[in-house]
Amino acid sequence: MVDVDVRTRNNVVVTGNPDGPVVMLAHGFGCDQAMWRLVVPVLEPTCRVVLFDYVGAGRSDLSAWTEQRYSTLDGYTRDVLEICDELDLRDVVFVGHSVSAMVGVLAVAARPAVFAKLVLVTPSPRYLDDGDYRGGFSAADIDELLDSLESNYLGWSAQMAPVIMGNPDRPELGAELTNSFCRTDPEVARVFARTTFLSDNRADLEKVSVPALVLECRHDAIAPPEVGAYVHARIPGSTRVTLDATGHCPQLSAPDQTAAAIARFVTGAP
Amino acid sequence: MKVHREEFSSLLEDSAEDLYENAPCGYLSTTLDGRIAKVNATLLRWLGYEREQVVGRLRFADLLSVGGKLYHETHFAPLLRMQGEIGGVALEMVAVDGRRLPVLVNSAVKTNGDGEPLLIRTTVFDAHDRRAYEQELLRSRREAERERDEIRRLATTLQRTLLPPVLPAVPGLETATHYHHASPFEVGGDFYDLFPLADGRWGLFLGDVCGKGPGAAAVTSLTRYTLRSAAVYDPDPVAVLTNLNTVLNQEPDTGFCTVVFGVLTVEPGHCTLALAAGGHPPGLLLRADGDTSYVTIPGGQLIGILPDARVTTTTVHLGPGDTFALYTDGLIEARTGGDTRYSEEDLLDFAATLPPTSAAGVVEAFVGLLERLGDGVEDDTAVLAIGVPAR
């Protein structure tokens, strides 16, 4: 069905208990599957954990990236569905962080038969303010983020390209550089940032037909509690758990709480 | 000496507290969730805040621009958690009066003896000058990229105008062509064409102007149009090339070319090609029965150098399933590793593996060969093949 090696393309890693329920952990904008490394050990004994990098992120196959495919969330959703098909996954509990929560919403809406449950970690269906809706950001704020990205990528191609391209078979060399986790090609990052922060998926929330958990932090500058409440209200029958944690990445700032909430939802009654 | 040492040591006794408060950089300590526990006077002065407004009240991210906050949450904080430290990050802080302060930020997580994280220490450096310099670099890079795209576009457009867009269909004959650009930034000097003559026969040519770039493009254009007009006046191959030689010699400093010009007579099931050449690599003849050989047109001199260049002629007959291919020397001069280059012998060996084939088959095989030679092909390469369809 797909004429590419999806496992390599998306750097798919399968770990944990082969007989357990399938938990697919999807990273958001800014990083890669390394984001989940404090949560994975907690889930491994009971779950079959599937990790991956979206094309363009982490150790995915950069040559498979095209601006056309990855400038809408549909492209990222196709990555998820192609991985599910390639691994023949069923009854998947999809855990999407940040923008990946919306990728999860789109994936469930497109192929409900593949998914059993959906966990939305610090989700936001729309970052920009729109009429009465408060996403928290203006278009100018997003331009400012793009500037921040750009000024922190100065010299990227000169520094990174020889390391990555000169040692394709020794990717660990890249990890020795400072701030080398989650390094992304600036062009890829710019497109992902625009796609993340300019998408509007409010109307897609009601299409979620599987049990859903909204997992949010008490203090989150990117997805504040009001946005979490909005997502919870729009997804029929969803559960909302507010972690006593700060920041947009509870899988790093409160990994035990985050893993426990995911594990409870995976094993508990739907 | 003693006095000196005392003065020096009193300087060194600069108190740690004073050094912290008035260091030439901002200091900031926060809890793991970012709440500011301690901040030095330098940073407070830069931002215009009173200590009470900040300590215990604000988080580090609250001092950043909105874009900076987004960057902090999606990149800075996760990396700091994973690595224990992060350095040289460009952010913008916002002063109490709304002023923007471009800064470079370093953070490290302080741990206790058991490696448990306790707090985050951050240093902040004023980066006004550096940011201005970076913005200038960024602007220059964008400009360079724009110009690069423009040059590529110009070269591609110019290149297209120098090639016939699509060869006309010749009844009873199969034709195929390929043009390989060695560089998207330069206009190469290879050219070819195939066109009807007034008496039902067909003219064709393929050649290579010495050099690259705008000068070569101008000569290529002059050469093509001279060949076309000369063929209208008298299509005899020797006359056409003699005409071209005269024209190129009339232009001072225009350079020279290698070229093959042919007149094609097509009859049911076979064709005859009368060829004249000036200094051009031999054509390849691939017979239907598998016999493959070069058609040398020996002795011809480069066109455009001498007032009376010697042009030599030969005739090729093609029967059903026979194919004849002309090409330029980008192919046979391609590097194949070290000092070795793809030779005429290599090309003949390669061609011998192709029959039974067709004009399209030969060109397709050449395209594959060019792909395999990859970056070894340093010059543009044009290929033109004609063949009589097999019965």
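Lettering of chains follows the sequences in order, A, B, ..., and the numbering in each one begins at 1.
Both the backbone and the side chain of A:Asp141 have a heavy atom closer than 4.5 Å to some heavy atom of chain B.
Taken from OG1 in B:Thr74 to CZ in A:Phe192, the straight-line distance is 10.5 Å, to the nearest 0.5 Å. Here the CZ-OG1 distance, from B:Arg35 to A:Thr246, works out to 7.0 Å after rounding to the nearest 0.5 Å. Atom-to-atom distance recorded for A:Leu149:CG and B:His75:NE2 is 5.0 Å, nearest 0.5 angstrom.
Taking chain A as the reference chain and counting heavy-atom pairs below 4.5 Å, the highest number among B:Ser65, B:Gly68, B:Ala77 is found for B:Ser65. Heavy-atom pairs under 4.5 Å with chain B peak, among A:Cys249, A:Ser253, A:Ala221, A:Gly247, at A:Ser253.
Within a 6.0 Å radius of CZ in B:Arg121, no more than 12 heavy atoms belonging to other residues, nucleotides or ligands are found. Other residues, nucleotides and ligands contribute only 12 or fewer heavy atoms inside 6.0 Å of the OH atom of B:Tyr27. More than 12 heavy atoms of other shown residues, nucleotides or ligands fall within 6.0 angstrom of atom CG in B:Asn112. Applying the 6.0 Å contact sphere to CD of B:Glu364 captures no more than 12 heavy atoms from other residues, nucleotides or ligands. Taking a 6.0 Å sphere around CZ of A:Arg194, one finds it holds 12 or fewer heavy atoms contributed by other residues, nucleotides or ligands. Surrounding CZ of B:Arg57 are at most 12 heavy atoms belonging to other residues, nucleotides or ligands under 6.0 Å away. Atom CD of A:Gln68 has 12 or fewer neighbouring heavy atoms from other residues, nucleotides or ligands inside a 6.0 Å radius. No more than 12 heavy atoms of other residues, nucleotides or ligands lie within 6.0 Å of OH in B:Tyr133, so this atom counts as exposed by the packing criterion.
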Does A:Glu144 form a side-chain contact (heavy atoms from CB on, under 4.5 Å) with B:Arg100? I'd like the steps, not just the answer. CA-CA 12 Å; A:Glu144 213 174 62; B:Arg100 298 298 182 98; 2.8 Å; yes
Output, in order, the C-alpha distance, side-chain angles, deciding distance and verdict of side-chain contact (heavy atoms from CB on, under 4.5 Å) for B:Leu70 and A:Tyr127. CA-CA 11 Å; B:Leu70 284 167; A:Tyr127 291 94; 5.8 Å; no
side-chain contact (heavy atoms from CB on, under 4.5 Å) between B:Arg81 and A:Leu38: does it pass, once the steps are laid out? CA-CA 10 Å; B:Arg81 287 278 179 172; A:Leu38 301 178; over 6 Å; no
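Remark: the backbone N or O of B:Met82 is paired with a side-chain donor or acceptor of A:Arg37 at under 3.5 angstrom. Between the side chain of B:Glu73 and the backbone N or O of A:His248, at least one donor-acceptor pair lies under 3.5 Å.
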